[in-house]
Engineer: 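Below is one structure. I have some questions about it.
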Amino acid sequence: MSVQSIDSFAERLLGWYDRAARDLPWRHPPGSAATPDPYRVWMAEIMLQQTTVAAVAGYFTRFVQRWPTVADLAAADDADVMAAWAGLGYYARARNLLACARVVVAQHGGRFPDSEDALRALPGVGDYTAAAVAAIAFGRAAVVVDANIERVIARHRLIETPLPAAKREIRTALAPLVPQDRPGDFAQGLMDLGATICTPRAPACTRCPVSADCRARGRSDIDQLPVKPPKKAKPQRYGLAWWIEEGDAVWLVRRPGKGMLGGMRALPGGEWTGEAPTESGLVHVDHGFTHFDLRLTLVRRESAHAAGEGEWWPLSALDAAGLPTLYRKLTDRMREDIA
DNA sequence: GAGGCGTGGCA
DNA sequence: TTGCCAAGCCT
């Protein structure tokens with residue numbers, strides 16, 4: 001069989017997607033006539049940035065139940081949204097989520113714009129998310145490129161240029177493959193393919209719907225594609241957090257709006273530095289961030305030292321404080337010790 | 001362009 | 001255990 005006689009790339013991919021699409025809370029059935037709610041599509045795409053499907057599912061369901069429309073979200077208290085996002089990571093996304101909802105209400109009459117350019121101008125919406133929402137929610141034939149799609153196309157076309165320089169070639173290769181009639185399913189199909197078949201390691205090429213003309217198939221080094229730049233070593237940092245208890249409550253603060261864990265509730269404490277503290281603490285946790293590892297040691301302080309803005313939080317309701325995982329680890333340890 | 005920015009699962 | 005990685009965005 002010649003290559004010319006097989007179905008087009010999009011036909012093979014969509015045929016596979018119609019059979020194998022994952023059933024996800026934010027997803028409509030493939031080819032469904034129902035119009036996806038742009039708010040839900042946008043919400044899912046923001047949460048899915050650098051975050052696994054498994055981690056997102058519960059958060060997505062809670063958010064759209066609590067704030068069913070973009071107007072509901074725009075009217076929400078910042079503290080409630082940040083607390084609801086706690087544990088999902090990359091907290092700038094939550095700040096931008098609120099900012100975006102408020103722009104959509106204030107400047108777009110509460111309806112998401114339907115063009116890639118207008119979406120791209122919204123807070124927290126970059127090239128990927130603008131294209132994904134345009135394709136999935138509005139049927140626009142946008143060229144959607146995420147890390148899954150980069151991997152699929154880099155292998156299918158044997159693009160050996162290292163990332164991020166390869167992005168241009170990948171986009172150029174992908175653009176003519178996008179079908180005008182089902183661009184949203186096409187994008188989601190490519191992402192499902194990358195997540196389940198064309199995986200980073202040990203891809204399941206025998207089950208791949210586009211393997212017939214894949215230029216990387218059979219290569220022993222297929223899992224080296226796409227080529228990525230070397231990673232830097234992460235430095236070790238140390239810090240102290242203060243456990244200030246009074247009655248049945250603990251003193252919590254809110255971190256500055258930008259930077260690490262920006263805008264999130266936290267235990268008070270000192271700066272994080274490269275020097276290990278000499279003070280011995282109640283407990284400590286080791287926590288890995290994207291660009292450094294942190295050992296945070298909890299030390300007891302008297303309430304008289306509780307300077308600055310903060311709030312007494314009932315120990316029995318700490319789960320509702322919306323602490324990031326770093327601090328959640330410490331409070332869980334304390335709870336074990338108290339129990 | 002490169003670095004800051006979380007977290008959890010997996011081999 | 002350690003490193004890699006996941007539907008990126010912002011500066």
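Proteins come first, then strands; the chains are lettered A, B, ... in the order of their sequence lines, and each starts at number 1. Here the structure is a predicted model, which is why all the values come from computation and not from measurement.
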Engineer: Identify the residue among Y39(A), Y59(A), F60(A) that makes a ring pair (Phe, Tyr, Trp, His ring centres under 6.0 Å) with W26(A).
Structural biologist: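 Only one of Y39(A), Y59(A), F60(A) forms a ring pair (Phe, Tyr, Trp, His ring centres under 6.0 Å) with W26(A), namely F60(A).
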Engineer: Given that L122(A) and A44(A) both sit by DNA chain C, which one's nearest nucleotide is further toward the 5' end?
Structural biologist: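 On the 5' side of the pair lies A44(A).
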Engineer: Need one value for R151(A): base, sugar-phosphate or nothing, where a base atom within 4.0 Å counts as base even if backbone is also close, heavy atoms only.
Structural biologist: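 The residue R151(A) makes sugar-phosphate contact but no base contact.
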Engineer: Take the protein atom CG of L193(A) and the nucleotide atom P of dA6(C), then report the distance between them rounded to whole Å.
Structural biologist: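 So the two atoms are 14 Å apart, to the nearest Å.
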Engineer: Could you pick out which residue, P123(A) or G194(A), lies toward the 5' side of DNA chain C when each is mapped onto its nearest nucleotide?
Structural biologist: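 So the residue in question is G194(A).
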Engineer: I'd like to compare against my own output: the B/S/- annotation of nucleotides 5-11 of chain B with a strict under-4.0 Å heavy-atom distance to protein.
Structural biologist: BBBS---
Engineer: Expressed as a whole number of angstroms, how long is the span from R120(A):CZ to dC9(C):C1'?
Structural biologist: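 My rounded result for the distance is 8 Å.
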Engineer: Which whole-number value in Å describes the distance from K231(A) NZ to dT2(C) C1'?
Structural biologist: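 Nearest whole value for this atom pair: 14 Å.
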Engineer: Which heavy atom of G139(A) sits nearest to which heavy atom of P183(A), and what is that distance?
Structural biologist: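 Looking at all heavy atoms of both residues, the shortest contact is O-CG, 3.4 Å.
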Engineer: L163(A) CG to dA2(B) C1': how many Å, rounded?
Structural biologist: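 Atom-to-atom, L163(A) to dA2(B), this comes out as 14 Å.
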Engineer: Relative to the ring of Y327(A), is the ring of W272(A) parallel (under 30°), tilted (30 to 60°) or perpendicular (over 60°)?
Structural biologist: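 Tilted.
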Engineer: For dG8(B) versus dC9(C), give the span between their P atoms, rounded off to a whole number of Å.
Structural biologist: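 Looking at atom P only, dG8(B) and dC9(C) are 22 Å apart.
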Engineer: Does K232(A) make a side-chain N or O approach to OP1 or OP2 of dG3(B) shorter than 4.0 Å?
Structural biologist: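 True: K232(A) side-chain N/O within range (under 4.0 Å) of dG3(B) OP1/OP2.
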Engineer: Using a 3.5 Å distance criterion without hydrogens, assess whether the side chain of R237(A) forms a donor-acceptor pair with backbone atoms of R295(A).
Structural biologist: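 Here the side-chain-to-backbone pair does not exist.
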Engineer: Grab the OH-C1' distance between Y59(A) and dA6(C) for me, whole Å please.
Structural biologist: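 Going from OH in Y59(A) over to C1' in dA6(C) covers 15 Å.
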Engineer: Is any side-chain nitrogen or oxygen of K228(A) closer than 4.0 Å to OP1 or OP2 of dA6(C)?
Structural biologist: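 Yes, such a contact exists.
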Engineer: Regarding V125(A), tell me which of base, sugar-phosphate or nothing describes its non-hydrogen contacts under 4.0 Å with the strands shown.
Structural biologist: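 The answer is sugar-phosphate, as V125(A) gets under 4.0 Å only of primed atoms, P, OP1 or OP2.
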Engineer: Expressed as a whole number of angstroms, how long is the span from N96(A):CG to dC10(C):C1'?
Structural biologist: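 Whole-Å distance recorded here is 8 Å.
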Engineer: May I have the distance from W85(A) (atom CH2) to dC9(C) (atom C1'), rounded to whole angstrom?
Structural biologist: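 Between C1' of dC9(C) and CH2 of W85(A): 12 Å.
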Engineer: Looking across every strand, which nucleic acid part, if any, lies under 4.0 Å from L97(A) by heavy atom: base, sugar-phosphate, or nothing?
Structural biologist: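 Here L97(A) touches no strand at all.
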Engineer: Using ring centroids (six-membered ring only for Trp), state whether H287(A) and F289(A) fall under 6.0 Å.
Structural biologist: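 Distance test on ring centres: under 6.0 Å, yes.
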Engineer: Determine the minimum heavy-atom distance between Y91(A) and G262(A), stating which atoms define it.
Structural biologist: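 That closest heavy-atom pairing would be CB-O, 4.1 Å.
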Engineer: Assert yes or no for the condition that the ring centre distance of F112(A) to W42(A) is strictly below 6.0 Å.
Structural biologist: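 Ring centres of W42(A) and F112(A) closer than 6.0 Å.
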Engineer: Output the rounded distance in Å from OH (Y128(A)) to P (dC10(C)).
Structural biologist: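 Rounded to the whole Å, the gap is 14 Å.
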